[in-house]
Student: 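Let me begin by handing over the structure; questions about it come next.
Note that ligands are numbered from 1 as they come in the structure, with each ligand's atoms numbered from 1 the same way. Residues take their numbers from the sequence shown, with the count starting at 1. Only heavy atoms go into these numbers, but all of them, side chains included; no hydrogens, no water, no symmetry mates.
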Amino acid sequence: MTPLEAPLIMGVVNVTPDSFSDGGRWLDPDAAVAHAHELAAEGAAFLDVGGESTRPGAEPVPEGEELRRVMPVIERLVAEGAPPISIDTHKAAVARAALEAGARLVNDVSAFRFDPSMAQVVAEHGADCCLMHMLGEPRTMQRDPRYDDVVSDVKAFLEERLAFAVSEGIAEERVWLDPGIGFGKTVDHNLELLRRLDELAAIGRPLVIGTSRKSFLGRITGRDVGERLAGTIATNVIAYERGARMFRVHDVRAVADALRVAAATVTGTWRSAST
Ligand code: HH2
């Protein structure tokens, strides 16, 4: 087995009224900034700031409103020396403003499909980007999603989007890929993607994985959205073992501990932490 690199945690900072698990909790900029610092202290290597929910059926948010939500939070986090900021958006204007304020990674759940100028903005700023697979768009993606073979189809999509990003002038080393757990997928699709994640890791770019609190965990365990941490941990540990590098989660502390122990077990190397 090739040695795995250290897992990185991306802490979720949703500045939205309607995100599926924490909508409204961090809409106030002071609350969002305080929450982000807490996630950083718990071990987040990136803070993923988003101003538009992408849950199934979500209504689009106008650009001006998205900017009003995320910019005060990003500006303060950069000024206050927070870890690298990732901007979770599919709008080029929001990505541009965030990058100019100091964000380092554009997390685009549409993989540059929704806004024709997004790739250019990322290229111009020499930023990192995460390209995620989604079937269609959030309003309709969960209506009877079908694939020939979900892993092969997602892999072909990610390879094509990676080639597109490079053709637009983005350095290949700047690109992260994400199978988009829950974005136009049944429970079985999600489980198969996780089980066969090594096939996506074979593309050769680091993988981001986002299972945190998602509904397939609720379908399997019968738990409400606030009680899905155990399922989140199980899936992240499996994803790590199968080659994922970055883990997008709401509950940073517990997932960081789980991944630290998983990494120690898989690699045989660890360092003592003070208790
Ligand atoms: N999932 C969500 C949002 N952004 N980005 C990546 N790269 N991967 C994911 O799996 C992913 C993502 C959905 O989670 P959340 O932000 O908590 O919910 P909402 O979209 O309702 O704000």
Student: Out of curiosity, Ile209 CD1 to Leu193 CG, how far, rounded to the nearest 0.5 Å?
Tutor: 7.5 Å

Student: Taking Arg104 for its side chain and Asp128 for its backbone only, find out whether a donor-acceptor pair lies under 3.5 Å.
Tutor: no

Student: Between Thr186 and His189, is there a donor-acceptor pair closer than 3.5 Å when you use the side chain of the first and the backbone of the second?
Tutor: yes

Student: Is the side chain of Lys185 donor-acceptor paired with the backbone N or O of Val150 at a distance under 3.5 Å, no angle test?
Tutor: no

Student: Let me know which protein residues bring a heavy atom to under 4.0 Å of ligand 1; chain then number is fine for ordering.
Tutor: Asn14, Ser19, Phe20, Ser53, Thr54, Arg55, Asp88, Asn107, Val109, Cys130, Met132, Asp178, Phe183, Gly210, Lys214, Arg248, His250

Student: Please check if atom CG in Asp144 has more than 12 non-hydrogen atoms from other residues, nucleotides or ligands closer than 6.0 Å.
Tutor: yes

Student: Just say parallel, tilted or perpendicular for the rings of His35 and Trp26, cut-offs at 30° and 60°.
Tutor: parallel

